[in-house]
Amino acid sequence: MPHTTSSDAIELDPISAALGNVLSLLRADDRGEVADYIPELSTADPSLAGLALASTNGRLYTAGDADSPFTIQSVSKPFVYAIALADHGLEGVLAHVGAEPSGEAFNAISLEPGTGRPANPMINAGAIVTTSLVIAESPTERFDRILGVLSAFAGRQLDVDERVFESERSTGDRNRALGYLMRSAGSLVSEVDDAVEVYFRQCAVLVTAKDLAVMGATLANNGVNPCTGDVVIDTTVAEQVLTLMATCGMYDFSGEWLLRIGLPAKSGVSGGILAVSPAQYGIGLFSPRLDERGNSVRGVEISRVLATRFALHAMHHTERTAPVVATTSVRADLSVVTVQGDIEFAAAERVLLVLDDVASGEATRPSVIVLDVERVTKCHPVAIALLDAMAARLRARHVSIVVADPLRRHIVPSASNVAASVDAAVAHADQLMHG
Ligand code: GLU
């Protein structure tokens, strides 16, 4: 939680400061082991820990090693599933890959009796079939298409880690075995080697926690990348992908993950986790040590803290009053920022952006802003902490906040200027400005 007295909270924006705080709580957790069944993965620095959050308004907040590259591994699966859905539609894809949580390990050899379909596209068997469904003239073209889409999701051109690719290719017999089984059962229609090679290459694409956050924000934003404005996939496909992530994304921990954290997510064996708060955020996490199910230990713990503190669980509902933030200019040098409704993390982020905008007003350079919270129905602790951190940040920039709060609910606890109405707050602001 950001605190007003910390110099970090003043230098950083309050949300990055809050993320840094959560990360620092969990840095010391050194449980788990770095994956080594793909030999090259074992060279990862186990101490790395990065966290990034991208909002659907295109803002990015980061903490720790959010720029450290790692191979995307299984986190590629939902995005390739998106391409297959775009190419064949849901029915066309369901004919080859199911949509049921398998309850088994990511590399399990279990196919649906009768049809030979793999249980879902988030386990290796399902992902290999999904990759083969991407329409292309050749395996090379298929991979280029996949890389193009992953890059569009991330908003930058991504590359492949050739060493990890070679390492997996030379040791990936279990995935080849899955391929042969599915080919004999009829669910894999392409050549095994072609499908598996493209799959290994897609797993070796390099990303950062920041990239995962933007990729998640694109899913959260109906398939439109909020940083570049590119339409990457359509809304229906984004919904379908998020649904499969919610039910099957975290290996055989998917049910408990949904119960505890409540967000569609996907993890990978290099230590990445992508979590999505639909309509609001993409969250990217990276820390290489894995638990026995193959999920990043610190990634899961950080997600748990974030979900609780930021009230992100998808089944959590605020009251129905839509949060509103509006600005009115009383005069050129004085604005009133009015906040209304239930303020939780997402609404608090909007208030912060509006306050920052008003405070940076090029022409006017205001020294006081009135924050009207009279019609705030509820303010979640994370919102109070963020607003307070923002007030401290503004004070450091010589901008005071006068809070219009007739009920004295301490929505900005450190505020020394609190008035009983907007009029009284404006009068108080005048006094501060003109003595
Ligand atoms: N390339 C890895 C494999 O197929 C991906 C596994 C994962 O991240 O779960 O074994």
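Heavy atoms only: backbone and side chains are in, while hydrogens, waters and symmetry mates are out. Just follow the structure's listing: the first ligand is 1, and inside any ligand the first atom is 1.
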* Arg293 atom CZ, neighbour heavy-atom count above 12 within 6.0 Å -> yes
* Asked: How far is atom 4 (O) of ligand 1 from its nearest protein heavy atom, and which residue and atom name does that atom have?
  -> Tyr199 OH, 2.7 Å
* To do: State plainly whether the residues Asp30 and Arg289 are in salt-bridge range, i.e. N to O under 4.0 Å.
  => no
* Asked: So, Phe345 versus Tyr281, ring centres under 6.0 angstrom or not?
  -> yes
* Atom indices of ligand 1 within 4.0 angstrom of Gly268 heavy atoms, with elements -> 8 (O)
* With heavy atoms under 4.0 Å as the rule, classify the contact between Arg174 and ligand 1 as side chain, backbone, both or neither. => neither
* To do: Determine whether the aromatic ring centres of Phe165 and Phe200 lie less than 6.0 Å apart.
  => no
* **Cation-aromatic face contact Lys266/Tyr251, 6.0 Å, 45 degrees** => yes
* Measuring from the heavy atoms of Asn107, does anything fall under 4.0 Å of ligand 1? -> no
* Between Arg183 (side chain) and Ser190 (backbone), is there a donor-acceptor pair under 3.5 Å? -> yes
* Any atoms of ligand 1 less than 4.0 Å from a non-hydrogen atom of Asn124? List them with their elements. => 3 (C), 4 (O), 6 (C), 10 (O)
* Asked: Quick check: does any side chain N or O of Thr247 sit under 3.5 Å from a backbone N or O of Thr243, one acting as donor and the other as acceptor?
  -> yes
* Return a yes/no value for Cys203: is any of its N or O atoms, backbone included, closer than 3.5 angstrom to an N or O of ligand 1? => no
* Asked: Applying a strict 4.0 Å limit to heavy atoms, is Tyr37 in contact with ligand 1?
  -> yes
* To do: Just need the protein heavy atom nearest to atom 6 (C) of ligand 1, so name the residue and atom and give the distance.
  => Ser74 OG, 3.3 Å
* Structure fact -> A student checking ligand 1 against Tyr251 at a 4.0 Å heavy-atom cut-off should list atoms 7 (C), 8 (O), 9 (O)
* Location of contacts on Val75 toward ligand 1, heavy atoms closer than 4.0 Å -> neither
* Salt-bridge criterion met for Arg156 and Asp211 (N-O under 4.0 Å) -> yes
* **Top protein contact for atom 5 (C) of ligand 1, by heavy-atom distance** => Gln73 OE1, 3.4 Å
